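Structure, as structure tokens:
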Amino acid sequence: MTTAAVPDPGSGPASVTSAEVPDPVLSVRGLQAHVAGQQVVEHVDLDVAATGVTALLGRNGVGKTSTIKAIMGLIGRSGAITLDGRDIAALPTHKVALLGVGYVPEDREVFSALSVSENLRIAERKGHDHRYDLIYELFPELKERANQAAGTLSGGQQQMVSLARALLNDNRVLLVDEPTKGLAPRLVQDVGRVLARAAEAVPVLLVEQNLQVVRDLADHAVVLTGGRSVHHGPAAEFLNNPDLTQRLLGVSTGSEGAA
């Protein structure tokens with residue numbers, strides 16, 4: 001990942017050195033995004049390496065979820081977005097997905113009236129193999145509950161469905177938004193295990209509040225402040241810098257506060 005200087009919040013885009021991620025699968029430059037006429041992302045640059053996990057960090061309300069949604073085309077955006085070198089900034093959401101961008105939304109968004117198996121079948125992408133063997137290896141409980149309405153599942157089980165839908169197809173990159181939000185500690189460990197396994201096969205851009213999960217999973221980190229990317233670098237290096245984490249995240253290194 002690129003290594004960037006860290007300006008004071010509210011200053012212009014961070015100046016970036018030439019130490020770029022080699023052949024990133026997903027690149028974003030000068031991303032801006034708006035919702036109902038209000039700008040929610042000011043200027044974001046980021047690269048997602050072709051392997052491993054890239055964490056998108058920042059205090060609450062700085063634009064992390066909006067950045068993910070803008071990449072997916074779910075909110076209005078401008079700037080450059082490239083997938084495997086192909087410009088996707090003008091594509092609608094369904095075409096972004098068809099190109100291999102998997103999305104796990106912050107609030108799971110399962111189809112509550114449909115069964116677990118129906119939720120998975122809806123996610124099947126035509127013309128591609130569907131990795132049910134992997135899904136049921138990672139989430140054996142979903143096979144047991146295949147005929148159960150997704151809306152009657154626990155929050156942790158619904159998160160399994162949401163992750164399973166994204167892992168079902170052979171994607172080029174996964175955008176995963178706060179997968180451990182609201183989960184019990186045991187389920188947080190389970191989700192972390194699944195994401196680690198997923199990252200062996202497909203690169204992940206991860207928004208996550210639990211810094212221990214980030215420490216365990218992430219190779220690279222991008223930090224946002226006020227809708228702008230202000231730091232790019234190795235995740236371990238960032239998390240091991242207490243002054244930097246306190247300044248940009250408002251938490252002491254190693255704590256599990258908002259990220």
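Bear in mind the structure is a predicted one, so any value in this text is a computation, not a measurement. Residue indices begin at 1 and follow the sequence shown.
With hydrogens and angles ignored, the 3.5 Å screen pairs a side-chain donor or acceptor of Asn119 with a backbone N or O of Phe111. Not one N or O on the side chain of Thr54 forms a donor-acceptor pair closer than 3.5 Å with the backbone of Ala221. Checked by atom type and distance alone, the side chain of Asp45 pairs as donor or acceptor with a backbone atom of Gly30 at under 3.5 Å. The main-chain N or O of Leu99 is never found under 3.5 Å from a side-chain atom of Arg125 such that the two would form a donor-acceptor pair. A donor-acceptor pair under 3.5 Å is formed between the side chain of Lys64 and the backbone N or O of Gly58. Between the side chain of Asn169 and the backbone N or O of Ala123 there is at least one donor-acceptor pair closer than 3.5 Å. Listed for the Gln157 side chain is a donor-acceptor partner under 3.5 Å among the backbone atoms of Ser154. In this structure a side-chain-to-backbone donor-acceptor pair under 3.5 Å is present from Arg77 to Ala70. Remark: the backbone N or O of Leu167 is paired with a side-chain donor or acceptor of Arg131 at under 3.5 angstrom.
Proximity of Ser229 to Leu46: side-chain heavy atoms (C-beta onward) are nowhere separated by under 4.5 Å. At a threshold of 4.5 Å between non-hydrogen side-chain atoms, the residues Val204 and Val48 do not count as touching. Arg197 is listed as a side-chain neighbour of Leu138, based on a closest heavy-atom distance under 4.5 Å.
The distance from the CG atom of Asp47 to the CG atom of Asp23 is 10.5 Å, given to the nearest 0.5 Å. From Ile81, atom CD1 reaches atom CG of Leu26 across 7.5 Å, with rounding to the nearest 0.5 Å. Atoms CZ and CG, on Arg247 and Leu249 in that order, are 12.0 Å from each other to the nearest 0.5 Å. In this structure, the separation between CG on Leu183 and NZ on Lys181 is 10.5 Å, given to the nearest 0.5 Å. Of the inter-residue distances, the one linking Gln159 atom CD with Leu153 atom CG reads 12.0 Å to the nearest 0.5 angstrom. Distance check, rounded to the nearest 0.5 Å: CG of Leu142 to CG of Leu120 gives 6.5 Å.
Under the 4.5 Å side-chain heavy-atom criterion for grouping Ile, Leu, Val, Met, Phe, Trp and Tyr, Val53 is not connected to Val223 through any hydrophobic cluster. When the side chains of ILVMFWY residues are joined at heavy-atom separations under 4.5 Å, either directly or via intervening members, Val35 and Tyr103 end up in a single hydrophobic cluster. One hydrophobic cluster holds both Ile71 and Val222 under the rule that ILVMFWY side chains link at heavy-atom gaps under 4.5 Å. Grouping the Ile, Leu, Val, Met, Phe, Trp and Tyr side chains by contacts below 4.5 angstrom, directly or via other members, places Leu168 with Met160. Neither Val207 nor Val213 shares a network with the other; the hydrophobic side chains, linked directly or stepwise wherever heavy atoms of I, L, V, M, F, W or Y lie under 4.5 Å apart, form separate groups for each.
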*asked:* Could you go through Arg186 and Asp190, starting from their C-alpha distance and side-chain angles, then the distance that decides it, and tell me whether this counts as salt bridge (Lys or Arg N to Asp or Glu O under 4.0 Å)?
replied: CA-CA 6 Å; Arg186 180 185 64 80; Asp190 290 344; 3.3 Å; yes
*Go through the steps to decide whether Phe139 and Val194 satisfy the test side-chain contact (heavy atoms from CB on, under 4.5 Å), and finish with yes or no.*
CA-CA 9 Å; Phe139 306 111; Val194 169; 3.6 Å; yes
*asked:* Please evaluate residues Asp84 and Arg172 with respect to the criterion side-chain contact (heavy atoms from CB on, under 4.5 Å), reporting the C-alpha separation (whole Å), side-chain torsions for both, the decisive distance (0.1 Å), and the verdict.
replied: CA-CA 9 Å; Asp84 289 325; Arg172 289 294 299 126; 2.7 Å; yes
*Just do the salt bridge (Lys or Arg N to Asp or Glu O under 4.0 Å) check on Asp216 and Arg193 with the steps written out, would you?*
CA-CA 10 Å; Asp216 290 342; Arg193 172 182 56 82; over 6 Å; no
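The closest side-chain donor-acceptor pair between Asn147 and Ser115, if any, does not fall under 3.5 angstrom. For the residue pair Asn241 / Glu237, no side-chain donor-acceptor distance below 3.5 Å is found, with atom types taken as modelled. Between Gln32 and Glu42, the side chains place no donor N or O within less than 3.5 Å of an acceptor N or O (distance only, hydrogens not considered). Defined by atom type and a distance below 3.5 Å, a donor-acceptor pair is present between the side-chain atoms of Asn240 and Arg215. Checking Gln148 against Thr152 by side-chain atom types alone, a donor-acceptor pair falls below 3.5 Å. When only modelled atom types and interatomic distance are considered, Tyr132 and Glu137 share no side-chain donor-acceptor pair under 3.5 Å.
Heavy-atom minimum distance, Gly63 versus Val41: O-CG2, 4.0 Å. Scanning both residues, Val104 and Ser162, for their nearest heavy atoms gives CG1-OG, 3.3 Å. Summarising the geometry of Leu206 relative to Leu195, their closest heavy-atom pair is CD1-CD1, 4.1 Å, with the distance given to 0.1 Å. Closest heavy-atom contact between Ala150 and Val110: CB-CG2, 4.0 Å. Listed here is the closest heavy atom pair of Ala55 and Ala218: CB-CB, 3.8 Å. When all heavy atoms of Asn171 and Ala166 are compared, the closest pair comes out as ND2-O, 2.7 Å.
When each of Val44, Val40, Leu74 is checked for a side-chain contact (heavy atoms from CB on, under 4.5 Å) with Ser66, only Val40 meets the rule.
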Can I get a per-line list of side-chain donor-acceptor pairs under 3.5 Å for residues 173-180, giving both atom names and the distance, sequence neighbours left out?
from, atom 1, to, atom 2, distance (Å)
Asp177, OD1, Thr65, OG1, 3.3
Asp177, OD2, Thr65, OG1, 2.8
Thr180, OG1, Glu208, OE1, 3.2
Thr180, OG1, Glu208, OE2, 2.6

Contacts under 3.5 angstrom, residues 86-93 side chains, donor-acceptor by atom type, not counting sequence neighbours:
from, atom 1, to, atom 2, distance (Å)
Asp87, OD1, Ala89, N, 3.0
Thr93, OG1, Met72, O, 3.0
Thr93, OG1, Gly73, O, 3.1

